[in-house]
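These numbers were taken from a predicted model, which means no experiment stands behind them. All values below come from the heavy atoms of this structure, side chains included, with hydrogens, waters and symmetry mates left out. The first residue in the sequence is number 1, and the count goes up from there.
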Amino acid sequence: MNINLPNFNVKNLIKEAGHSLSRAVQLTEEKLGTTERTEYDQEFQTLAEHADATKLWTEKIVKNTESVLVPNPQNRVEDFIFEKIDKSKPQRLSNLEHLALDMIEAGGDFGQDVPYGQALIKVGQAEQKLGHCERDFIGSTSICFTQPLRIFLEGDMKIITKERGLLESKRLDLDACKSRVKKARSMLGQQMKDGLSPEAALEQAERDLRVAQSEFDRQSDITKSLLQGLNSSHENHLKHLCAFVQIQLRYYKQCNEVMNNLQKELVNLGVSNPSEVIDVRDENVEYRSLSHETYVEHTNKHLKPVTVTTDEMKRARVLCSYDAKDHTELSLITNEVIFVSECSPPHSDYMYGKQGLLQGLVPRAFLEILDEK
């Protein structure tokens, strides 16, 4: 019975080992500066540095974006494994969705007929909506931003890296041929060795040099063309970046709408008035009772302190967003509902406002009073 074993070419194996050893010696001599080295032109070096920076920062941006989308590293590893084995990712609830379910369950346990139970259910439902918005944000960002960048890294960038490796190999071949030509020229006028005259050895070395130079030039043109194409890749990355910004804008807008609607529902339930308020914009955080709210003097408007109760305040809808000028004012968001009352003495331009747990001056022109008394 004949058994066909793989035929190993011993000569080729020895040749490869010798070639690898020669390369190692050549690289070492280049680092030591004891042998000739062909340098790339300045344009190529600039393009190569640009490519290295593109690869480095694209990898970091993708990694950090995925860390934002999925903060749990174990979940990221799990998603990566499922992606590699081409299986659908497990549907897991986010921490926000777990919180929402607990709130809804707690609200049902406490009773839907009591304010706290009703509020828990309303807040839990809002947190569920936020969880859905977050899930949509993660999925959309993955499709429109991180996946295209990953495709670039695993496609175009891998090709560029491969071609640069081939070019470096061609450069080493070229320098090795230059060394052989230099050595052959130094042997002219000496006796024949191994049946080959110094002239013939020089001719062969020069022929090999011309071939090596041609292959190096060809590979250099290919690699440079690929490197120059990175500019168009950056244009595509810019489009993906703009898409990411739009996705974020939509996500935060959805979250804002959910929370504004929740605030309105809590107002309708009559449970949106906590017993204490903390002014988080003030450097010196102080706690104050809302039953006797005393507003600090607004020096620019010469307003005196005012004492009001929550029952005396009116609801107002914000007509247009407004950025607070200092810590005595409130920043406003379009269509949100806040509580307002007249300042003491009344001011033609400003009212005293309460926004959730915050309080401050609000411009009258930005408000539509909902509760006319």
Nearest 0.5 angstrom please: [X] [atom1] to [Y] [atom2], how far?
X: M157; Y: L230; atom1: CE; atom2: CG; result: 5.0 Å
X: H237; Y: T54; atom1: NE2; atom2: OG1; result: 8.0 Å
X: S169; Y: L174; atom1: OG; atom2: CG; result: 11.0 Å
X: E336; Y: S331; atom1: CD; atom2: OG; result: 9.5 Å
X: Q128; Y: H98; atom1: CD; atom2: NE2; result: 12.0 Å
X: L153; Y: T58; atom1: CG; atom2: OG1; result: 5.5 Å

Decide yes or no for [X] and [Y]: does some side-chain heavy atom of the first lie under 4.5 Å from some side-chain heavy atom of the second?
X: V318; Y: V362; answer: no
X: L227; Y: I160; answer: yes
X: E163; Y: Q219; answer: yes
X: M351; Y: K314; answer: no
X: R250; Y: S140; answer: yes
X: F152; Y: S233; answer: yes
X: L226; Y: K162; answer: no
X: L332; Y: P363; answer: yes

Same hydrophobic cluster for I369 and F366, using side-chain heavy-atom links shorter than 4.5 Å among ILVMFWY?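 In one cluster: yes.
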
Quick one: do [X] and [Y] make a salt bridge, cutoff under 4.0 Å?
X: E203; Y: R207; answer: yes
X: R185; Y: E206; answer: yes
X: E168; Y: R164; answer: no
X: K170; Y: D217; answer: no
X: E39; Y: R171; answer: no
X: K224; Y: E43; answer: yes

Nearest heavy-atom pair of [X] and [Y]: which atoms, and what distance?
X: L101; Y: L93; value: CD1-CD1, 3.6 Å
X: Y322; Y: L330; value: CD2-O, 3.5 Å
X: A184; Y: L202; value: CB-CA, 3.6 Å
X: C133; Y: C255; value: CB-SG, 4.5 Å
X: P148; Y: H240; value: CB-NE2, 3.4 Å
X: T334; Y: L319; value: CG2-O, 3.7 Å

Does [atom1] in [X] sit with more than 12 non-hydrogen atoms of other residues, nucleotides or ligands closer than 6.0 Å?
X: E199; atom1: CD; result: yes
X: N64; atom1: CG; result: yes
X: K129; atom1: NZ; result: no
X: N95; atom1: CG; result: no

Quick one: do T65 and T146 satisfy side-chain hydrogen bond (donor to acceptor under 3.5 Å, both in side chains)? Show the steps, please. CA-CA 7 Å; T65 303; T146 57; over 6 Å; no

Whether the Q45 and D41 side chains hold a donor-acceptor pair (N or O, under 3.5 Å, no angle test) is what I'd like checked.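 Looking only at side-chain atoms, D41 and Q45 do not form any donor-acceptor pair under 3.5 Å.
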
Pairs where residues 158-181 contributes a residue and the test ring pair (Phe, Tyr, Trp, His ring centres under 6.0 Å) is met, not counting sequence neighbours: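 Counting only pairs at least two positions apart or across chains, no ring pair (Phe, Tyr, Trp, His ring centres under 6.0 Å) contact touches residues 158-181.
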
Look at the aromatic rings of Y252 and F137 and report parallel, tilted or perpendicular, splitting at 30° and 60°.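 Tilted: the ring planes of Y252 and F137 meet at 30° to 60°.
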
Output, in order, the C-alpha distance, side-chain angles, deciding distance and verdict of side-chain hydrogen bond (donor to acceptor under 3.5 Å, both in side chains) for N261 and E265. CA-CA 6 Å; N261 291 334; E265 290 179 347; over 6 Å; no

Sidechain-backbone polar pair: [X] side chain, [Y] backbone, donor-acceptor under 3.5 Å:
X: T46; Y: Q42; result: yes
X: E368; Y: R317; result: no
X: E97; Y: S94; result: yes

Please walk me through it: do R218 and E215 pass salt bridge (charged side-chain N to carboxylate O under 4.0 Å, His left out)? CA-CA 5 Å; R218 177 176 175 276; E215 291 181 352; over 6 Å; no

The test is side-chain hydrogen bond (donor to acceptor under 3.5 Å, both in side chains); show your working for T38 and K178 and say whether it passes. CA-CA 10 Å; T38 300; K178 288 179 179 179; 2.9 Å; yes

Intermediate values then yes/no, side-chain hydrogen bond (donor to acceptor under 3.5 Å, both in side chains), Q359 and Y352: CA-CA 8 Å; Q359 60 181 6; Y352 168 72; 2.5 Å; yes

